[in-house]
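All chains are named by letter (A, B, ...) in the order of the sequence lines, taking the proteins before the strands, and each is independently numbered beginning at 1.
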Amino acid sequence: MPGKGFVSNIARQSEDFPGWYNDVVRKAELADYSPVRGCMVIRPYGYAIWESMRDELDRHIKRTGHQNVYFPLFVPRSLLEKEAEHVEGFDPQVAWVTRAGGEELSEWLAIRPTSEAIIAEVVKDWIQSYRDLPLLLNQWNNVVRWELRTRLFLRTAEFLWQEAHTFHATEQEAADEVATGLEAYRAVSEDWLAIPVIKGRKTENEKFPGAVYSTSIEAMMRDTKALQAGTSHMLGQNFARSAGIDFLDRDNQLKAPFGTSWGFSTRMVGATIMAHGDASGLILPPNVAPHQVVVVPIFRSEDDRAAVAGAIERLETGLADVSTASGPLRLWVDWREETPGFKFNHWELRGVPFRLEIGPRDVAAGQAVIVRRVDRLKETLPLDSLAAELPKRLADYQAHLFQRAIDFRTANTHHVDDMEAFERTVEEDGGFIHAPWCGDGACEKRVSEKTGATIRIIPFDAADESGRCLVDGKPSERRVLLARAY
RNA sequence: CGGGGCGUAGCGCAACGGUAGCGCACGUGCUUUGGGAGUACGAGGUUGCGGGUUCGAAUCCCGCCGCCCCGACCA
């Protein structure tokens, strides 16, 4: 019995991944369901993880010259409907306010599903000259998309995100900006969340409604399914034209600016959970972990307790000025009245990178037992070495998780050349599949209807490779990335 | 939006015509503490909402509401 009960309370990751995910989110106290259909409550531990990635991304956004702004939650119907493809794409997901102030509104207000329309409408007055460009805006907010089927963090009716909206004098500048946004997402995913991603372009069928083209980064979860981890769109002159934005260029010609938009959401909390977690629960990269190190005091007698408390106090003092890649060392001492074993499991479920056990034997020897979450590797270290060791080990751990994720992805990536092999691979192995595609949207639909796998992206780094489309055998110039996805 | 399931204590469940109970969690005391401690006592409920049948409804009937799971759309 001992040691069994708790872990068996989490669905087995290998057998029931969605159940595992749900259990971890709930039991690690990341989020709860709410009284509102399809909406979640983000709890303190989950919000702390979001804040960490949010702050890091915000630094990237500001470093690349963007300024934060805030636009209204409500978008008048007439504005949302100006861009035809945009409204058509979002229509089924828009929530409307039809009544307020005790009466029916003369014009419905959409609760923003995204802000292209209202931002374009406003900035048309800010943009007169090429000197006003580029205009690089970003906002952190909530949006609502009426989802029928929701999952905590991954897909909820309301979610938190960042949406950048930029306007440029030339198409090339806008294209560069699309790349800048995507690169920020790659950096946060890989360097902060330790999730390796593949950059690429979405197909016509999968692009953002109203965009000229869309790009995204794709990540692999531990069930080998794909997750779109951030998208960056080239809007061309579509929204500028429908909103009537124009500027006088150097050549004294009136032109419509080129726009971009890009977004990164709380879905990435879900990605972090699914990219690293194991049978015991979360595994958090040190950069986002709310607690990087948790100390578990161990004692029997009051004398032991006092000795251990003294040693921990001296340790905390000694670590006060220690900093890590993500700021001051986040160390937490768990003085709760629970048994050590309970605490070990409690913090493993919550994905804390390192645990320090300090008991009477350790105090006597001037040492601590340190246990690494990802593989439970247990070592003994002198207490006075920790100020130097912890930052180093946290950095190593961050790198280790990233490499582990790369290795996992590599082991679950396949290359196939025909439909028969493709279907077999999707069914038996899953994972990422690189296969030739002719570029025809009909072939794309055929594949997804037949197998459930979709073309995630046309990877930017796909080599030129002549082949034959796995659906209709027509010539293909490069492989695309296919997978079953969230 | 179609198909299925479920609403009883914070969570998981039982009671399926006779007025609500178990496990976990929670509170207090004592003993405990190096991988989910033991023990004693205790607190906690308009059984999702509204109507109906009945001497009597958590239980049967009708109508709502909500949530979960599976399919078509999405970050």
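- As rounded to whole Å, 13 Å separates atom C1' of B:C30 from atom CD of A:Glu337.
- Between B:G23 and B:G18, the distance separating the two C1' atoms is 26 Å to the nearest Å.
- Here A:Arg372 does not pair with A:Glu379 in a salt bridge; the nearest charged N to carboxylate O distance is not below 4.0 Å.
- Pairing of B:C1, defined by two Watson-Crick or G-U wobble distances under 3.5 Å, is identified with B:G71.
- Listed candidates were B:A75, B:G34, B:G35. Nearest to the side chain of A:Arg376 is B:G35.
- Mapping A:Gly359 and A:Gln93 onto RNA chain B by nearest heavy atom places A:Gly359 at the nucleotide closer to the 5' end.
- Using a 4.0 Å heavy-atom cutoff across all strands shown, A:Phe90 reaches no nucleic acid atom at all.
- The side chain of A:Asp362 approaches B:G34 more closely than any other nucleotide in the set B:G34, B:A75, B:G35.
- In this structure, B:C24 and B:G10 make a Watson-Crick or G-U wobble pair, each of the two defining distances being under 3.5 angstrom.
- Listed nucleotides B:A75, B:G35, B:G34 differ in distance to A:Glu348; the shortest reach to its side chain belongs to B:G35.
- Regarding A:Leu152, its CG atom lies at a distance of 8 Å from the P atom of B:C68, rounded to whole Å.
- Among the atoms of the strands shown, none is found under 4.0 Å from any heavy atom of A:Pro297.
- In this structure, the NZ atom of A:Lys27 is 8 Å from the C1' atom of B:C11, given to the nearest Å.
- When the C1' atom is used for both B:G56 and B:C16, the distance is 15 Å, rounded to whole Å.
- One C1' atom belongs to B:G66, the other to B:U8, and the distance between them is 16 Å to the nearest Å.
- Taking atom CZ of A:Phe299 as the reference point, atom P of B:G34 lies 10 Å away to the nearest angstrom.
- Within the 4.0 angstrom heavy-atom criterion, no nucleotide atom of any strand lies near A:Val143.
- Side chains of A:Glu206 and A:Thr454: no donor on one and acceptor on the other come within 3.5 Å.
- Across every strand in view, B:A58 sits unpaired, with no contact that passes the Watson-Crick or G-U test at under 3.5 angstrom.
- Between A:Asp58 and A:Arg54 there is no salt bridge, since no side-chain N of the basic residue sits under 4.0 Å from a carboxylate O of the acidic one.
- Taking atom CZ on A:Phe344 and atom P on B:G35, their separation rounds to 6 Å, with Å as the unit.
- Which of B:A75, B:G34, B:G35 sits closest to the side chain of A:Ile298 comes down to B:G34.
- Using atom P as the reference point in both B:A57 and B:G12, the two lie 28 Å apart (nearest Å).
- Out of B:G34, B:C26, B:G35, the shortest distance to the side chain of A:Glu338 is found at B:C26.
- Rounded to whole Å, the separation between the C1' atoms of B:C62 and B:A43 comes to 38 Å.
- Remark: the separation of the P atoms in B:C60 and B:C74 is 43 Å, to the nearest Å.
- Counted by atom type alone, A:Glu348 and A:Ser280 present zero donor-acceptor pairs between their side chains at under 3.5 Å.
- Annotation: B:C64 and B:C22 have their C1' atoms spaced 32 Å apart (nearest Å).
- Note on A:Arg26: nothing from the nucleic acid sits closer than 4.0 angstrom, heavy atoms only.
- Per the geometry, CZ belonging to A:Arg305 stands 14 Å off P belonging to B:U31, to the nearest Å.
- Residue contacts shown for A:Leu154 include a base, since a base heavy atom lies under 4.0 Å away.
- Regarding A:Met268, its CE atom lies at a distance of 14 Å from the P atom of B:A75, rounded to whole Å.
- With a cut-off of 3.5 Å on both Watson-Crick or G-U wobble distances, the partner of B:U39 is given as B:G29.
- The neighbour count for A:Gln67 CD, taken as heavy atoms of other residues, nucleotides or ligands under 6.0 Å away, does not exceed 12.
- Across B:U59 and B:G17, the matching C1' atoms stand 6 Å from one another, rounded to whole Å.
- Classification of A:Glu218 and A:Lys202 as a salt-bridged pair holds, one side-chain N sitting under 4.0 Å from a carboxylate O.
- Atom CZ in A:Arg43 sits roughly 12 Å away from atom P in B:C11 (whole-Å rounding).
- Across all strands shown, B:C49 pairs with B:G63; the Watson-Crick or G-U wobble distances both stay below 3.5 Å.
- No contact: A:Ser301 has no heavy atom under 4.0 Å from any strand.
- Each of A:Arg155 and A:Lys343 has a nearest nucleotide on RNA chain B; the 5'-most of these lies closest to A:Lys343.
- For B:A37, the OP1/OP2 oxygens have a side-chain nitrogen or oxygen of A:Thr339 closer than 4.0 Å.
- A donor-acceptor contact under 3.5 Å is not formed by the side chain of A:Arg145 with the base of B:C74.
- The aromatic ring centroids of A:His165 and A:Phe71 lie 6.0 Å or more from each other.
- Note on ring orientation: taking the six-membered ring where Trp is involved, the planes of A:Tyr397 and A:Phe354 are tilted (angle from 30° to 60°).
- Listed nucleotides: B:G35, B:C68, B:A75. Nearest to the side chain of A:Tyr33: B:C68.
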